[in-house]
Each structure stands twice: as C-alpha cells, then as structure tokens.
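In what follows, chains carry the letters A, B, and so on, assigned in the order in which the sequence lines appear, proteins first and then strands, with residues in each chain numbered from 1.
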There are 2 protein chains.
Amino acid sequence: MHKELRLDNQICFRLYSAARLVMQAYTPLLNELGITYPQYLVLMVLWEKDSQPVNDIAHRLMLETNTVTPLLQRMEKLGIVCRRKGEQDKRQQIVSLTEKGREMEERAFDIIPKGMGDRLANCPLSINDFQHLAGELDSVIDSLK
Amino acid sequence: MHKELRLDNQICFRLYSAARLVMQAYTPLLNELGITYPQYLVLMVLWEKDSQPVNDIAHRLMLETNTVTPLLQRMEKLGIVCRRKGEQDKRQQIVSLTEKGREMEERAFDIIPKGMGDRLANCPLSINDFQHLAGELDSVIDSLK
DNA sequence: ATATTTTATATCGTAAGCGATTTACATGAT
DNA sequence: ATCATGTAAATCGCTTACGATATAAAATAT
C-alpha cells in the first residue's frame with residue numbers, strides 16, 4: 001500500500017473533481033441561456049474580441065481544433081456564431097458572433113455572477129483566498145502547457 | 001464589456017484548464033500501464049479497499065453510476081477488474097481487482113510519482129504551496145458537492 | 001401477502017476531449 | 001514554375017461525463 005497512490009493525496013483528483021463540480025454549478029445557469037460550459041468559454045473569447053479564426057479560439061482555451069471545430073459547428077446550429085472563410089488565408093474559418101450571440105452577454109451578466117455567488121456562498125474562502133488559488137492554478141497551468 | 005465575464009477572471013476556467021493539463025501530463029505515464037486517468041482513479045479506490053459495489057466507487061469519485069458502469073465494463077474487458085453479483089443484495093455488482101489489476105499497483109508506483117515529479121519540476125510551487133492548494137480545492141469541493 | 005416505493009445498476013442519447021489521419025491551402029526551396 | 005514542406009480545419013474513432021429513462025431487486029406500506 002503506497003501512500004503516494006492514495007486518492008486523498010492526489011492534487012490531480014482534486015482538480016478533476018473541483019473542475020467538474022464547478023461546471024455542474026454553472027449548468028443550471030447556462031441552461032437558462034441554452035448553452036454548455038465550453039460554449040460559454042467560446043462566447044467569452046468572442047465577447048472579448050469578435051471574429052477570430054478557429055486556431056486563435058483554440059489557443060486561447062488551450063484546446064485542440066478537433067475539439068473546438070465541432071463545438072463551433074454546434075454553436076452555429078444554435079445561431080449564436082457564424083463562420084466564414086478567411087479572405088487573405090482561405091484555410092481559416094473566421095468565427096463571429098451573431099446578433100443573438102452578442103445579446104447573450106447582457107443576459108449572462110444578469111444571470112451568471114449572481115448565480116455563482118449564491119452557489120459559492122457557503123464556501124469558506126475569501127476573495128483573497130480565491131486570488132491566491134488563481135495564482136497557484138496559473139503556476140500549474142504555465143508549467144504544463 | 002463586463003469584466004466579470006472575462007476569461008482571465010474566471011476561477012472555473014483555471015480549474016478546467018489545470019485539470020485537463022494535469023490529466024494530459026499523466027497520459028503518457030498511464031499509457032505505459034495501458035489505462036486512462038479515470039481508470040487509474042478506479043484502481044486507486046480498489047487498491048485502497050478491494051471488492052466494492054459500483055455505488056461506493058462512484059461515491060468515492062463523486063461520479064454518477066452511469067459514468068462508472070461503462071468505465072468498469074471497459075476495465076473488465078482489459079482484465080484488470082471483475083464484477084460479480086452481490087450475494088446479500090443481488091442488485092449490486094461487486095467490483096474486485098484481478099491479479100493483473102493488483103500487480104499494477106507496483107508498476108504504477110515505479111512510474112507515476114517519479115514521472116509526475118519530472119513533469120512538474122519547473123513548476124515554482126513548493127510542497128507547502130501544493131498542500132495549501134489542496135486545502136483550498138477541498139473547500140471548493142466541499143461547498144459544491 | 002400484495003402493492004407501492006425506493007434503491008442499485010444499466011442503457012440511451014448528446015456533448016466534450018483528444019490522438020491520429022485527411023484535405024485544402026499557403027509558403028519556402030530548388 | 002514546380003515540388004516539398006508546413007499549416008488550418010475537419011473528420012474519425014474511442015473514452016469520458018451526465019441527464020433521462022429502464023429494469024430488477026429490496027424495503028416499506030397497507
């Protein structure tokens with residue numbers, strides 16, 4: 001029985017569980033908008049800067065294009081983004097928000113921050129703790145990406 | 001442009017990315033054992049306590065049985081666990097390690113801790129930082145599960 | 001004892017993720 | 001200019017996740 005191999009000693013299991021549980025907390029809120037968490041991530045990327053090629057979106061999210069392409073195809077079906085061939089580089093697909101996608105930012109702003117605040121109300125961590133956590137996660141991310 | 005909706009301000013995106021990147025770091029190591037990360041989690045549960053019903057494994061991993069059942073079916077095909085009906089309660093499936101599954105603990109011990117240590121060598125966090133991170137993640141997990 | 005409800009697991013459908021390969025276009029080399 | 005190399009997306013196959021539903025056995029109610 002090796003203590004290194006005990007579940008309770010695994011930082012990765014904690015990351016894996018925390019990520020899943022936080023995504024689950026988002027789910028009912030995102031359902032009101034009719035989107036999933038990864039779709040919400042794509043929207044945040046596009047709200048920040050509209051009309052980007054698939055590759056840029058994938059890099060920003062640290063995902064492969066073979067994950068992002070089908071994601072964008074589903075979002076196109078939902079009518080929240082549109083895709084068109086790049087003009088200088090015809091290999092690219094430039095992804096842009098539709099009017100519906102743009103309008104979702106206000107709705108998200110009304111629903112998500114408050115909703116997540118409520119869900120994390122009984123979490124004992126302070127704003128400071130969360131900032132600290134963010135920094136530590138950034139260290140892990142930077143050293144692995 | 002709402003700063004609350006910026007990707008950089010999202011603790012959840014960090015958790016999601018860190019979890020994926022750490023799993024990716026495990027992948028080449030687990031490939032040597034011929035298993036995936038969730039399968040490794042199941043093995044850790046069974047190495048700790050062999051012969052458990054599906055429900056107990058699912059609870060330990062905070063997963064639903066409809067995730068764990070197919071996972072166990074694949075592991076059975078790989079010959080690392082076996083499943084048999086519960087004797088007192090015939091609804092249960094008792095999952096046990098095979099000889100192959102039991103032997104994998106030593107191989108995992110030879111490969112995983114050292115391999116992950118190497119991969120995180122350039123991560124600036126100390127042992128103390130990791131313990132602190134573990135505590136903060138536990139707070140998030142406890143308040144959401 | 002029989003009917004109702006709960007519980008344990010399995011099945012189905014859909015959306016991610018990701019390794020491997022393919023296709024179309026662009027870029028650089030000769 | 002032609003050919004080789006590189007790059008952007010897309011496609012394929014497989015494994016998670018998870019909501020919803022089904023099925024069988026157990027527990028409870030009447």
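- C:dA10 atom C1' lies 14 Å from atom CG of B:Leu71, rounded to whole Å.
- For C:dA15, neither phosphate oxygen OP1 nor OP2 lies less than 4.0 angstrom from any side-chain nitrogen or oxygen of A:Tyr37.
- Listed candidates were C:dT9, C:dA26, C:dC18. Nearest to the side chain of A:Glu64 is C:dC18.
- Counting only distance, with no hydrogens or angles, the side chain of B:Asp50 and the backbone of B:Leu97 share a donor-acceptor pair below 3.5 Å.
- Computed from coordinates, the B:Gln73 CD to D:dC14 C1' distance equals 15 Å when rounded to whole Å.
- An OP1 or OP2 oxygen of C:dA10 is reached within less than 4.0 angstrom by a side-chain nitrogen or oxygen of B:Arg83.
- Proximity note for B:Asp89 (side chain, C-beta onward) versus C:dT9, D:dA17, D:dA25: the nearest is D:dA25.
- The shortest distance between the side-chain N/O atoms of B:Thr36 and the OP1/OP2 oxygens of D:dT16 is below 4.0 Å.
- Residue-to-nucleotide proximity on DNA chain D shows that, of B:Glu87 and B:Met62, the 5′-proximal contact is made by B:Met62.
- Nucleic acid contact class of B:Pro70 (heavy atoms, under 4.0 Å, all strands): none.
- In this structure, A:Thr69 reaches the D:dA10 phosphate: one of its side-chain N or O atoms is under 4.0 Å from OP1 or OP2.
- The separation between B:Asn66 atom CG and C:dT9 atom P is 13 Å, rounded to whole Å.
- Rounded to a whole Å, the CZ atom of A:Arg74 is 15 Å from the C1' atom of D:dA9.
- For B:Gln24 and C:dC18, the shortest distance from a side-chain N or O to OP1 or OP2 is below 4.0 Å.
- Separating the OH atom of A:Tyr16 from the P atom of C:dG17 is a distance of 12 Å, rounded to the nearest angstrom.
- Here C:dG17 presents its C1' atom at 15 Å from CZ of A:Arg20, a figure rounded to the nearest Å.
- Side-chain proximity of A:Val54 to the nucleotides C:dT9, C:dT11, D:dA10 is greatest for D:dA10.
- Checking the phosphate oxygens (OP1, OP2) of D:dA10, a side-chain nitrogen or oxygen of A:Gln93 falls inside 4.0 Å.
- Taking only side-chain nitrogens and oxygens, A:Asn55 comes nearer than 4.0 Å to OP1 or OP2 of D:dA8.
- Remark: the B:Arg91 side chain and the C:dT7 base include a donor-acceptor N/O pair separated by less than 3.5 Å.
- For C:dA16, one of the phosphate oxygens OP1 or OP2 lies less than 4.0 angstrom from a side-chain nitrogen or oxygen of A:Gln39.
- Using the six-membered ring where Trp is involved, A:His2 and B:Phe109 have ring planes that are parallel, under 30° apart on the 30 and 60° scheme.
- The interatomic distance linking B:Leu41 (CG) with D:dT15 (C1') rounds to 14 Å, in whole Å.
- The aromatic rings of B:Tyr16 and A:Tyr37 lie perpendicular to each other, with more than 60° between the two planes, well past the 30° mark.
- As a whole-Å value, the separation of A:Tyr40 OH from C:dA16 P is 15 Å.
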